[in-house]
Amino acid sequence: SLDDSSNLQEQVNPFNSRAEYGISAFDIKHNFVLSYNYELPLERLFRSRNLLTKGWSISGITRFATGLPVTLASNGDNFLVDVQNNGINSVSIDLPNLAPGNLEINNNPRNGQSYFNTALFTPNPLGTQGDAPRRPFYGPGINNWDMALHKVTKLTESKSLELRLETFNTFNHVQFDGNGSVDGNINDATFGKVVKAAPPRISQLAVKFLF
């Protein structure tokens with residue numbers, strides 16, 4: 001997905017509207033989602049058909065996706081076009097300058113290092129538009145498994161009891177992806193760092209009575 005502006009806070013160049021054309025904030029190049037449910041064959045495994053072996057199954061949603069783009073910004077109106085508070089955000093937004101060089105994308109953000117080569121970026125000089133694209137590269141992707149183990153016990157023809165053990169981020173894999181997970185504001189002390197992650201593994205038990 002490409003656009004000229006993904007939200008109200010992004011800089012608009014009144015002299016060259018094409019300069020803002022680039023990757024949308026919500027663009028995801030690849031997104032694979034698999035939903036599944038498998039009835040566990042415990043009756044055949046234990047060669048017994050009773051209330052303990054009947055009704056077991058495992059289900060889940062597995063997602064592999066590339067990351068969202070990293071949005072670059074430089075606070076302040078160095079461009080002198082009065083890009084300022086519009087009722088949504090409270091700061092002026094410019095773009096930084098980008099020097100030629102290797103971005104050196106960090107494919108393992110868990111090491112605590114910068115996600116990209118911040119030395120290539122500098123604040124835009126007074127009276128000039130920053131020449132960096134709004135979003136020149138993508139952040140970390142997603143490798144997530146949400147799973148549930150459940151058992152349905154038939155009580156009568158119209159009534160049944162379901163027991164569920166549900167886990168989100170089952171394998172406790174750190175998920176860095178998300179809007180704003182990588183700080184692209186050159187004025188921040190955390191510029192270039194991964195500043196947030198999705199929650200770790202969450203587990204819950206549930207009981208459902210169907211009638």
Does some side-chain heavy atom of [Y] sit less than 4.5 Å from a side-chain heavy atom of [X]?
{"X": "W56", "Y": "L149", "result": "yes"}
{"X": "T167", "Y": "D146", "result": "no"}
{"X": "E162", "Y": "L210", "result": "yes"}
{"X": "P96", "Y": "P123", "result": "no"}
{"X": "V174", "Y": "P140", "result": "no"}
{"X": "L161", "Y": "L155", "result": "yes"}
{"X": "N106", "Y": "N108", "result": "yes"}
{"X": "N169", "Y": "Q175", "result": "yes"}

Residues N117, N102; criterion side chain to side chain contact (heavy atoms under 4.5 Å, CB included); working and verdict: CA-CA 7 Å; N117 183 4; N102 189 345; 5.7 Å; no
Begin from the C-alpha positions of E43 and K54 and carry the test side chain to side chain contact (heavy atoms under 4.5 Å, CB included) through to its verdict. CA-CA 7 Å; E43 295 171 320; K54 290 169 55 177; 2.6 Å; yes
In terms of hydrophobic clustering (I, L, V, M, F, W, Y; side-chain heavy atoms under 4.5 Å; direct or indirect links), are [X] and [Y] co-clustered?
{"X": "Y38", "Y": "F46", "result": "yes"}
{"X": "F171", "Y": "F64", "result": "yes"}
{"X": "F137", "Y": "L98", "result": "yes"}
{"X": "I105", "Y": "F121", "result": "yes"}
{"X": "V182", "Y": "L120", "result": "yes"}

Worked check of side chain to side chain contact (heavy atoms under 4.5 Å, CB included) between I58 and L40: CA-CA 7 Å; I58 187 170; L40 298 174; 4.1 Å; yes
Closest approach of [X] and [Y], non-hydrogen atoms and distance?
{"X": "L80", "Y": "G127", "value": "CD1-CA, 3.9 Å"}
{"X": "P133", "Y": "P136", "value": "O-CD, 3.6 Å"}
{"X": "N97", "Y": "P125", "value": "ND2-CD, 3.3 Å"}

Donor-acceptor contacts under 3.5 Å from residues 193-202 side chains, at least two apart:
from	atom 1	to	atom 2	distance (Å)
K193	NZ	G112	O	3.2
K196	NZ	N179	O	2.7
R201	NH1	T170	O	2.9

Take a 6.0 Å sphere around NZ of K29 and say whether it holds more than 12 heavy atoms from other residues, nucleotides or ligands.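 It does not: K29 NZ has 12 such atoms or fewer within range.
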Greater than 12 external heavy atoms within 6.0 Å of E39's CD: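 Not buried by this count: 12 neighbours or fewer within 6.0 Å.
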Would you say the side chains of T156 and K154 form a donor-acceptor pair under 3.5 Å?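 Absent: no donor and acceptor within the cut-off.
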Do the side-chain N and O atoms of N78 and D94 include a donor-acceptor pair separated by under 3.5 angstrom?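 There is no such pair (donor and acceptor under 3.5 Å, judged by atom type) between the side chains of N78 and D94.
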Determine, step by step, whether H150 and S59 satisfy the side chain to side chain contact (heavy atoms under 4.5 Å, CB included) criterion, reporting the C-alpha distance in whole Å, the side-chain angles of both residues, the deciding distance to 0.1 Å, and the verdict. CA-CA 8 Å; H150 38 103; S59 62; 2.9 Å; yes
Would you say the ring centers of Y115 and F191 fall short of 6.0 Å from each other?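 Ring-ring flag for Y115/F191: false, centres at least 6.0 Å apart.
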Residues two or more places apart in sequence or in another chain: which of them pass ring-ring contact (aromatic ring centres under 6.0 Å, His included) with [X]?
{"X": "F168", "value": "none"}
{"X": "F176", "value": "none"}
{"X": "Y36", "value": "none"}
{"X": "F209", "value": "F211"}

To the nearest 0.5 angstrom, please state how far the [atom1] atom of [X] sits from the [atom2] atom of [Y].
{"X": "I142", "Y": "N31", "atom1": "CD1", "atom2": "CG", "answer": "7.5 Å"}
{"X": "S203", "Y": "M147", "atom1": "OG", "atom2": "CE", "answer": "12.0 Å"}
{"X": "N75", "Y": "I186", "atom1": "CG", "atom2": "CD1", "answer": "10.5 Å"}
{"X": "N143", "Y": "R63", "atom1": "CG", "atom2": "CZ", "answer": "11.5 Å"}
{"X": "K208", "Y": "L163", "atom1": "NZ", "atom2": "CG", "answer": "11.5 Å"}

Test applied, side chain to side chain contact (heavy atoms under 4.5 Å, CB included); reference residue, R134; option that passes from V70, L95, T71: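 That would be L95; it is the only one of V70, L95, T71 passing the side chain to side chain contact (heavy atoms under 4.5 Å, CB included) with R134.
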My understanding is that only one of D27, L72, I23, L68 makes a side chain to side chain contact (heavy atoms under 4.5 Å, CB included) with R135; could you say which?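 Exactly one candidate clears the test, I23.
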Counterpart residues, side chain to side chain donor-acceptor pair (under 3.5 Å), relative to N187 (two or more places apart):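 Here no residue qualifies.
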Exam field: side chain S24 to backbone S1, donor-acceptor pair closer than 3.5 Å: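 The answer is yes, because a donor-acceptor pair under 3.5 Å joins these two groups.
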Check: Q113 main-chain N/O paired with N111 side-chain donor or acceptor under 3.5 Å: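 Yes.
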